[in-house]
Amino acid sequence: MPLQTDNSHGEIPEALRPALIALCDVGAQLSRIIALGPLGDALGGKLGAEVGSNTDGDTQKALDVMADELFAEALKGTGVRWYASEEQDEVVEIDTQGTLALAIDPLDGSSNIDVNVSIGTIFGIQPALDQGEETFLRDGTHLLASGYFIYGPQTILVATFGDGVRHFILNRDSGMFEEAPKPPSIPSTASEFAINASNYRHWASPVRAYIDDCIAGVEGPRGRNFNMRWVASLVAETHRIMSRGGIFLYPSDSRDGYQNGRLRLVYECAPIAFLVEQAGGKATTGTKRILSCVPDQLHTRVPFVFGTSDKVERVATYHDLPQNEVSALFGNRGLFRA
Ligand SMILES: O=P(O)(O)OC[C@H]1O[C@](O)(COP(=O)(O)O)[C@@H](O)[C@@H]1O
Ligand SMILES: [Mg+2]
Ligand SMILES: [Mg+2]
């Protein structure tokens with residue numbers, strides 16, 4: 001049993017335990033494989049080798065494919081009927097007797113595999129309907145649980161079962177994910193934003209205006225300084241925001257294929273949104289709550305903004321401003337001081 005819980009934080013629902021244990025088994029295995037990198041036997045040490053592309057045209061790395069295979073195999077017989085993965089075109093039925101459906105990004109932050117920067121796994125679990133596709137094409141309010149593993153200096157599982165957020169640190173001596181004492185909660189004040197600023201010229205004017213005002217610091221309408229981060233691993237950005245607050249944005253932009261941003265609703269944004277809300281934060285498309293968004297396809301993308309509540313709310317207000325306000329550098333946005 002690779003998971004040691006502290007029941008003072010509440011019980012883990014019985015129906016979810018076998019799946020969670022299987023996820024932890026693979027999480028611990030991936031942690032070892034990633035830590036050894038080229039010294040290990042797995043994949044001949046070439047974890048980041050390009051091996052193909054997935055349904056969305058994203059390059060698949062050897063570790064993306066391996067992680068997907070390990071999770072799909074380990075989840076058999078754990079109550080999971082439907083398995084939907086970033087790395088598979090369609091929903092897979094892994095156990096006809098199962099009552100659950102699990103969506104997964106088996107390896108998030110693939111561009112960081114070979115550079116020893118934190119990567120992760122994201123998952124969401126909901127009740128299974130009779131049809132796999134129909135199950136996942138529902139809004140995120142159906143989630144029973146969600147979580148991520150972060151493979152960093154520590155390997156950590158952060159999960160919610162709909163009653164706050166729990167975190168479990170992999171103790172490499174015992175091989176167990178042991179529950180850490182203080183549950184994460186997103187602080188209400190923070191001064192960090194995370195966005196891939198190389199796409200500035202492709203953003204719509206409300207996003208540009210929001211970021212312009214952060215960058216203007218004490219001299220701008222916000223009247224204070226901000227710091228910027230971009231790890232290019234959604235799990236790593238999420239974990240930082242879970243620990244010390246801030247805001248993350250991957251908005252839509254004008255590049256081909258980015259009209260709904262980059263991140264996928266079913267197995268990236270909805271599970272993270274559930275965690276963020278349970279930790280006291282907010283998660284939107286910029287204007288609409290992520291957990292209310294209904295995917296039209298399994299691999300649907302969605303603009304994603306999440307973090308400290310008032311920051312996420314502020315982004316929405318920039319979308320309400322008249323065009324002449326958001327296109328001017330600062331304009332009269334003095335009303336946004338603080
Ligand atoms: O390279 P970009 O455009 O900044 O995108 C980075 C984003 O892409 C992702 O790597 C996408 O996830 P995958 O690695 O699972 O495809 C996120 O983790 C990250 O936030
Ligand atoms: Mg991802
Ligand atoms: Mg991935």
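The shown structure was predicted, so the numbers you read here are calculated from the model rather than taken from an experiment. Just follow the structure's listing: the first ligand is 1, and inside any ligand the first atom is 1. The basis for the numbers below is simple: all heavy atoms, side chains too, and nothing from hydrogens, waters or symmetry mates. All residue numbers refer to positions in the sequence shown, counting from 1.
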With heavy-atom distances below 4.0 Å as the criterion, list the atoms of ligand 1 near [X].
{"X": "L107", "value": "15 (O)"}
{"X": "D105", "value": "15 (O)"}
{"X": "L234", "value": "17 (C), 18 (O), 19 (C), 20 (O)"}
{"X": "N196", "value": "2 (P), 3 (O), 4 (O)"}
{"X": "E268", "value": "11 (C), 12 (O), 15 (O)"}

For residues 302-311, run the donor-acceptor check on the side chains, cut-off 3.5 Å, and write out each pair with its distance to 0.1 Å, sequence neighbours left out.
from : atom 1 : to   : atom 2 : distance (Å)
T308 : OG1    : P187 : O      : 3.4
T308 : OG1    : G246 : N      : 2.9
T308 : OG1    : G246 : O      : 3.4
S309 : OG     : G280 : O      : 3.2
K311 : NZ     : A190 : O      : 2.8

Cut-off under 2.8 Å, centre the Mg ion (ligand 3), protein N/O/S atoms: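 N, O, S partners closer than 2.8 Å: E86 OE1, D105 OD1, L107 O.
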Residue that, paired with C214, satisfies side-chain contact (heavy atoms from CB on, under 4.5 Å) out of R314, M228, R222, R224: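 Single pass found, and it is R222.
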Just checking, is any N or O donor in the side chain of [X] or [Y] under 3.5 Å from an acceptor N or O on the other one?
{"X": "S233", "Y": "E237", "result": "no"}
{"X": "Q126", "Y": "T135", "result": "no"}
{"X": "Y151", "Y": "T121", "result": "yes"}
{"X": "D212", "Y": "Y200", "result": "yes"}
{"X": "D64", "Y": "S110", "result": "yes"}
{"X": "Q60", "Y": "E50", "result": "no"}
{"X": "S85", "Y": "D68", "result": "yes"}

Does ligand 1 have an atom under 4.0 Å from some heavy atom of [X]?
{"X": "V235", "answer": "no"}
{"X": "G109", "answer": "yes"}
{"X": "E237", "answer": "no"}

Distance from atom 3 (O) of ligand 1 to nearest protein heavy atom, with residue and atom: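 The closest heavy atom on the protein side is Y250 OH, 2.6 Å.
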Heavy atom of the protein closest to atom 9 (C) of ligand 1 (residue, atom name, distance):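 Nearest neighbour among protein heavy atoms for atom 9 (C) of ligand 1, to 0.1 Å: R262 NE, 3.9 Å.
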For ligand 1, which is the ligand I care about here, please tell me if [X] has any N or O atom under 3.5 Å from one of the ligand's N or O atoms.
{"X": "L263", "answer": "no"}
{"X": "W230", "answer": "yes"}
{"X": "Y258", "answer": "no"}

Working for ring-ring contact (aromatic ring centres under 6.0 Å, His included), residues W203 and Y258: CA-CA 10 Å; W203 300 332; Y258 283 79; over 10 Å; no
Residue part near ligand 1, for S233, under 4.0 Å between non-hydrogen atoms: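 The answer is the backbone of S233.
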Proximity to ligand 1 by part of R264, non-hydrogen separation under 4.0 Å: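 Within the 4.0 Å criterion, R264 contacts ligand 1 through side-chain atoms alone.
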Expected output: side-chain H167 to main-chain K182 donor-acceptor under 3.5 Å: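 Between the backbone of K182 and the side chain of H167 there is a qualifying donor-acceptor contact (under 3.5 Å).
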With H299 via ring-ring contact (aromatic ring centres under 6.0 Å, His included) - residues at least two apart: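 ring-ring contact (aromatic ring centres under 6.0 Å, His included) list for H299, sorted by chain: Y267.
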Side-chain donor-acceptor distances from residues 27-43 under 3.5 Å, at least two apart:
from : atom 1 : to   : atom 2 : distance (Å)
S31  : OG     : T155 : OG1    : 2.8
S31  : OG     : R172 : NH1    : 3.0
S31  : OG     : R172 : NH2    : 3.4

